[in-house]
2 protein chains.
Amino acid sequence: MTNTTLKLLAQQLQLSISTVSRALKDHPDISASTKAKVNALAQSMDYEPNAYAIQLRTQNSKILGVIVPAISNLFYDSFIAAIEEESRKNGYALMILQSSHNPENELNNLKIFRQNRVSGVFACLSSSAENIEVYQKMNDRDIPVVFFDIVPKDNKFTKVRMADERCAIMAAENIIKRNAKKVLAIFGDENLSITQKRKAAFQKFMQDFAPKIHCSYTNAASTKEAEEVMKKNTHKTQKIDTVFCMTDEILIGVMRTIQELELKIPTDIGVISISNGFIPNLYYPRISYVETSGHELGKLAFVQMMANMKGGKTLTELTVEAKFIAGGSM
Amino acid sequence: MTNTTLKLLAQQLQLSISTVSRALKDHPDISASTKAKVNALAQSMDYEPNAYAIQLRTQNSKILGVIVPAISNLFYDSFIAAIEEESRKNGYALMILQSSHNPENELNNLKIFRQNRVSGVFACLSSSAENIEVYQKMNDRDIPVVFFDIVPKDNKFTKVRMADERCAIMAAENIIKRNAKKVLAIFGDENLSITQKRKAAFQKFMQDFAPKIHCSYTNAASTKEAEEVMKKNTHKTQKIDTVFCMTDEILIGVMRTIQELELKIPTDIGVISISNGFIPNLYYPRISYVETSGHELGKLAFVQMMANMKGGKTLTELTVEAKFIAGGSM
DNA sequence: AAAATTATCGCAAACGTTTGTTATTCAAAT
DNA sequence: ATTTGAATAACAAACGTTTGCGATAATTTT
């Protein structure tokens, strides 16, 4: 069965294509009676306009591209859900591609976006490798690029991200409040700038405001590493009383060790993490965390995209504020 | 900056559009020397073909639609990741829309798919409400529909899903192996056919093969409900020694209660669930589970889609087999 | 009653491709 | 020297829309 087209409708109604087209968009030139006829037939033949023909004619695709390292990710999927919702409300569809942390895939995805003449792209850089020139070219072609989460250092782009330093500091504040004596702070992949920022902010804050608290700093790039780091540090003579986890992956490893060693939270040990909230709520007591909401970030990214598409370039770096969510783990 | 087109290339090279087009696709009619020139210029002006013009001409969009209830979902996101990967390998792009369990959104998404002339759609029904006619129409228009996970009863469609009954039976088998005396079996939303199937299979198997085991059956539509159900049942005089969780949501609730009451796994109580594996591995000891892999299902769905697009209609219902993954919880 | 306005609609070009057909050139075969 | 046949490239139509402009008929104004 072939698709219904304007031409088909026009033939059936003995009208011209242009009249049918205008009737369907409620153009004032067309009489009410013809509009009624046209709409009726369009309905019954369930006509749907061909988006490809429209974009070819209007040069406006109403499609936004999204590049994430991985869709299966607690943070990114809520980000995607948020922009999907906003996009739909505003008449845009989403084309979602994942880079799998692979710059080659990232490039390939960008190519697909260009072939599909997306009106804009949300991009999260695939780890450290920064091939910025391609994005620069998109901007030059008036395709706004909004970076999120993992953003380039370059300030020629629009960027939205969590207030990374504030997150770390907020965690530190609560550790100090708890009257911790000996803290283990586990950070993520040390190649990521986000890790470096958070670590630096955390360290500085602790030194400035609670120099007598003994802190050991480590990195763990995976759940497994976190599990092992935790195990090592609880076997030492002087037991740690509080552990800070920079990511969900780390928290999971830490919690596995805590459960294995049957440590009581929060009496034996306090736990605090940075998370979007899903993982911390899996345990009893619920883990206290500083919230980084992918959902909020998504909404912010979308308004930035719209702003970029309407007005001139607004090259700014926006951050969404962090919130401390108290569980029973501190 | 305007996009590079065939016309532009043709003008620069003093060639016709058709020659440029053929040169770029390595058509035998074109001489090697012109091909070289064309490719060089196309490269330097970084020409990317306009996907919209191509689809308009060829009537083949190379885009597949996906409808899921929610992207942020442990199961669906791995499904999406799988078909995304397969699609990319086969030159397809994905258009992902979420229904948010809302039939109205589902309809709207279908409309967007039709406007974009997707070559096929993967669909997961939004809960119980089944508005099948729309899908029937798509099939009539030679747009293959592959249902996954939550599928219609109708057998006029191609469907892929987990082997639901086998999952439940496999769990039952392992419960019997454990020598359980008193079992609490918690199932999901009782309106879903998937729940009914699993429950029936589980019950029948237990009665047939281990009638002396005392089983209580309940439903819990959310994590909270599961938490409460679990709490109630552990306070009874005759303690349960094994709990079965049909979904991740239920497992999370159950585990929260277990941690709160400080029950030891697997000595005080055994736990088994049906899951894709992420949640069960968050705990120590790791929870034993019957695996329902969104990833496997995605790959299966994709080959079904390809089969439908090539040959004639292959209206079958395929299932991916379940696997028991032993943790330390039984 | 002629002129001016308004209401309604059709014509045709354009968006960027692909592809069947035709035209040109040039060398090989008769 | 003419015919044949490759090799190479141009022409033109079509895909389904949108939209400026022109055309016709109906209505109003003078």
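It should be emphasised that the depicted structure is a prediction, and the values quoted were computed from it without experimental measurement.
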Please tabulate, one pair per line, each protein N/O and nucleotide N/O from nucleotides 12-15 of chain C that are separated by under 3.5 Å, including the distance.
residue: C:dC15; atom: O3'; partner: A:Gln59; partner atom: NE2; Å: 3.4
residue: C:dC15; atom: O2; partner: A:Arg57; partner atom: N; Å: 3.3

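Applying the 4.0 Å criterion to OP1 and OP2 of D:dA10, one finds that B:Ser16 has a side-chain N or O inside that range.
Taking atom CG of residue B:Leu9 and atom P of nucleotide C:dG16, one finds them 12 Å apart after rounding to whole Å. Atom CG in A:Leu13 sits about 15 Å away from atom C1' in C:dG10, given to the nearest Å. As rounded to whole Å, 16 Å separates atom P of C:dC9 from atom CG of A:Leu6. In this structure, B:Asn116 atom CG and D:dG16 atom P are separated by 15 Å, rounded to whole Å. D:dT17 atom P lies 10 Å from atom CG of A:Leu8, rounded to whole Å. In this structure, A:Glu48 atom CD and D:dT17 atom C1' are separated by 15 Å, rounded to whole Å.
Picking from C:dC9, D:dA9, D:dT17 the nucleotide with the shortest atom distance to the side chain of A:Leu15 gives C:dC9.
Looking only at atom types and distance, the side chain of B:Asn108 has no donor-acceptor partner in the side chain of B:Glu104 under 3.5 Å away. Defined by atom type and a distance below 3.5 Å, a donor-acceptor pair is present between the side-chain atoms of B:Thr158 and B:Asn308. Side-chain N/O atoms of A:Glu106 and A:Tyr135 include a donor and acceptor closer than 3.5 Å.
The side chain to side chain donor-acceptor pair (under 3.5 Å) search around B:Gln11 returns none, not counting sequence neighbours. When the salt bridge (Lys or Arg N to Asp or Glu O under 4.0 Å) test is applied to B:Glu86, the partners found at least two apart in sequence or on another chain are B:Lys89. A search for side chain to side chain donor-acceptor pair (under 3.5 Å) contacts involving A:Ser119 returns A:Ser61, not counting sequence neighbours.
Nearer the 5' end of DNA chain D, as judged by each residue's closest nucleotide, is the contact made by B:Val20, out of A:Pro49 and B:Val20.
Annotation: salt bridge (charged side-chain N to carboxylate O under 4.0 Å, His left out) contacts involving residues 64-84 of chain B, sequence neighbours excluded, comprise B:Glu84-B:Arg88.
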Problem set entry | Pair A:Phe148-A:Phe122, ring pair (Phe, Tyr, Trp, His ring centres under 6.0 Å): steps then yes or no | CA-CA 7 Å; A:Phe148 64 94; A:Phe122 298 98; 7.1 Å; no
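At a non-hydrogen distance threshold of 4.0 Å, B:Arg22, B:Lys25 from residues 22-35 of chain B come into contact with DNA chain C.
Pairing each heavy atom of B:Ala70 with each of B:Asn73, the nearest pair is O-CB, 3.7 Å.
Residue contacts for B:Gln14: at a heavy-atom cut-off of 4.0 Å it reaches the sugar-phosphate backbone alone, with no base atom in range.
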